[in-house]
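What follows is one structure encoded as structure tokens, with my remarks underneath.
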Amino acid sequence: MNKVLLFNPRSLKNKPRIPNSILSIAASIEGKYEYVIVDGNLETDPEKKIIDYFNSGEFGYFATTCMPGPQLKQAIPVSQKIKELFPEVKVIWGGYFPSNHYKVVLNSGYVDFAINGPGDVSFKSLLDSLEANVPFDKVTNLIYKSGDQIIKTKKDELYDQDELPELPYDKLNSFYPLKYYLGKSYLGSKTIAYHSSMGCPFTCSFCGIVPIFNARWRASSADRIYKDIMFLKEKYGGNAIEFHDNNFFVSEKRIIEFSKMIAPQNMIWWGWGRIDTVNKFSDSTLQLMRDSGCKMIFFGAESGNDEVLKQMDKGGTQTGAQIKAFAARMARFDIIPEYSFVLGTPAETPEKVMKQIDFDIAFIKEIKSINPKTEIIIYIYSPVPTEGSEMYENVLTTGFRFPEKLEDWISPHWENFDLRKNPLTPWLTPEMVNKIMDFETVLNGYYPTISDIRLSSLKRRVIKIISSIRYKTNFYWKPYELKVLQILWKYRQPEIEGF
């Protein structure tokens with residue numbers, strides 16, 4: 001009874017991606033423990049399938065990855081049900097949510113262990129300890145309860161990514177044909193989701209990975225990336241790449257090496273980066289990236305207000321002036337900058353919060369005038385439990401608190417919290433939230449995202465014409481006519497759905 005069930009809860013309504021986090025855990029126990037994978041993105045009733053597996057009596061471990069947001073809607077009730085029906089089964093959670101919110105997870109009564117950050121070593125070590133019935137207090141990257149006390153074990157240094165075992169893509173294919181994960185996107189007809197590094201060397205106070213990695217970053221070599229990508233291309237037909245690293249562009253040297261390798265393969269690719277980091281790259285590197293297939297890069301612009309950027313502890317050298325200059329620079333190389341902005345950060349008074357919102361709305365329009373191809377992603381600020389950060393401490397003084405019961409995270413009030421669309425923050429009034437959302441609607445009408453491959457050129461022209469008066473006159477209030485069109489045409493929101 002020592003088989004392991006690895007569960008990937010639903011994260012998107014469509015276009016499932018390769019479940020890299022689950023595969024990294026599978027790789028760590030490959031050949032040592034038998035396991036199965038259940039993907040909630042590809043199952044109509046994942047709970048039934050999971051219970052059927054446990055009814056066999058062969059499984060002793062239920063392990064699920066869990067990001068904040070949509071994955072909780074399956075992870076919570078399924079974990080509850082497993083513990084209720086099979087109390088002897090060990091329930092193990094990994095991912096950003098249990099690392100950051102371990103108290104509410106472990107106090108639920110139906111989660112036994114939380115993996116604190118990377119589980120490539122700790123997950124197998126935990127299973128080994130449980131199977132041998134020996135203490136697990138020496139297992140690193142682990143959080144668990146002992147009586148009423150929560151224990152956090154020593155954190156490992158980040159592992160050499162090249163030394164980690166290869167992901168078992170063929171094993172995944174035996175459960176779910178890999179073709180289902182290589183979906184059509186703006187980048188290509190069979191887009192690969194790939195993760196080439198762990199962590200980020202910066203400490204932005206609103207970022208969920210900061211408490212986990214503490215400014216640490218370690219990456220796979222260009223050789224390892226190329227080898228994996230070529231396997232997925234040659235065996236499964238992948239023809240485009242989404243790099244889901246928290247910061248893909250930390251090392252210019254690695255980017256140069258990878259770009260030279262991938263250039264002959266005619267694969268379009270995209271990744272996440274920082275403006276002040278990529279802005280240091282030479283013109284020759286940026287041209288090489290574009291020639292190798294780099295079509296778009298996601299950047300956390302966050303705000304054009306230097307005071308807010310300082311409050312966010314962006315680190316590095318990012319400023320409003322640099323954000324504007326960099327948008328112009330990207331246009332020279334035909335690389336689309338995808339800028340995210342976080343509006344509605346806390347301030348001393350409601351008037352100052354509104355002033356900051358108005359400033360960034362005007363700033364976003366200025367960016368669009370500098371480089372109209374710049375993609376804009378708008379979020380409403382939602383707190384991250386970064387203990388000790390000035391921003392989080394200020395948040396607590398407003399009376400904001402996270403739910404104290406795990407089930408409350410999937411209540412109607414909280415389920416959209418980590419999509420940064422419904423932050424439930426005391427300093428934001430309905431008027432402020434409506435202004436942000438209404439501006440976003442008008443902006444997306446006047447500049448429909450290029451990543452929405454379902455939106456025809458005719459529809460783009462129609463919605464741009466309808467929204468033009470509002471956009472040019474700064475009249476954003478209640479744009480119902482645009483909301484109706486976006487609903488009818490199923491307008492894609494990259495901040496929620498990706499490409």
Side-chain angles (χ1 to χ4, degrees), residues 68-69 100 202-208 210 275 299-315 318-324 339-368 376-403 412-444 470-471 473-479 483 493 495-496:
N100 285 336
F202 296 92
T203 57
C204 304
S205 60
F206 59 92
C207 179
V210 170
I275 292 169
F299 295 104
E302 318 311 359
S303 175
N305 187 322
D306 289 348
E307 181 182 336
V308 173
L309 289 174
K310 183 178 180 181
Q311 182 186 17
M312 290 178 170
D313 192 19
K314 280 292 291 181
Q318 186 162 305
T319 64
Q322 183 189 67
I323 293 168
K324 291 189 285 188
Y339 278 2
S340 75
F341 286 86
V342 178
L343 276 61
T345 51
E348 293 85 356
T349 65
E351 292 76 20
K352 189 169 184 180
V353 175
M354 183 66 87
K355 186 177 180 180
Q356 290 174 174
I357 292 170
D358 289 337
F359 179 94
D360 275 324
I361 286 175
F363 185 84
I364 288 168
K365 294 187 72 172
E366 189 175 358
I367 292 293
K368 275 295 193 179
I376 303 294
I377 306 293
I378 295 177
Y379 297 107
I380 299 175
Y381 171 74
S382 59
V384 170
T386 308
E387 295 177 3
S389 78
E390 181 181 350
M391 178 170 271
Y392 186 57
E393 294 303 319
N394 290 340
V395 163
L396 295 179
T397 64
T398 69
F400 174 86
R401 294 293 184 273
F402 288 109
H413 291 296
W414 282 94
E415 63 178 344
N416 290 323
F417 177 82
D418 273 289
L419 294 177
R420 303 194 183 220
K421 290 296 180 186
N422 180 28
L424 303 174
T425 43
W427 60 88
L428 282 180
T429 65
E431 179 189 4
M432 295 171 186
V433 174
N434 289 338
K435 175 176 278 193
I436 295 170
M437 307 276 296
D438 288 348
F439 169 70
E440 180 186 45
T441 298
V442 175
L443 176 71
N444 288 342
R470 285 182 173 276
Y471 188 82
T473 61
N474 301 321
F475 180 66
Y476 313 121
W477 187 69
K478 294 187 177 180
K483 290 180 183 289
Q493 293 180 280
E495 67 273 23
I496 296 175

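Side-chain atoms are counted along with the backbone in the values below, which use heavy atoms only and exclude waters and symmetry mates.
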With a 4.5 Å limit on heavy-atom distance, are the side chains of [X] and [Y] in contact?
| X | Y | value |
| --- | --- | --- |
| D306 | Q318 | no |
| I364 | I378 | yes |
| I275 | Q322 | yes |
| F439 | K365 | yes |
| D358 | K435 | yes |
| M437 | I380 | yes |

Atom [atom1] of [X] and atom [atom2] of [Y]: how far apart are they, to the nearest 0.5 Å?
| X | Y | atom1 | atom2 | result |
| --- | --- | --- | --- | --- |
| T345 | L309 | OG1 | CG | 9.5 Å |
| Y471 | N444 | OH | CG | 10.5 Å |
| E307 | Q356 | CD | CD | 6.5 Å |
| K478 | T441 | NZ | OG1 | 13.5 Å |
| T319 | K310 | OG1 | NZ | 14.0 Å |

State, without any angle test, whether D360 and S303 hold a side-chain donor-acceptor pair at a distance under 3.5 Å. yes

Please find the pair of heavy atoms, one from [X] and one from [Y], that lie closest to each other, and give the distance.
| X | Y | value |
| --- | --- | --- |
| S340 | Y379 | CB-CE1, 3.9 Å |
| G399 | P426 | C-CG, 4.4 Å |
| I357 | L428 | CD1-CD2, 4.3 Å |
| P383 | W427 | CG-CH2, 4.2 Å |
| D438 | Y476 | CB-O, 3.1 Å |
| A301 | I323 | O-CD1, 3.7 Å |

When the ring planes of F341 and Y339 are compared, do they come out parallel, tilted or perpendicular, using 30° and 60° as the limits? perpendicular

Just by distance, do the side chain of R470 and the backbone of W477 share a donor-acceptor pair under 3.5 Å? yes

Q311 side chain to P346 backbone, donor-acceptor under 3.5 Å: yes

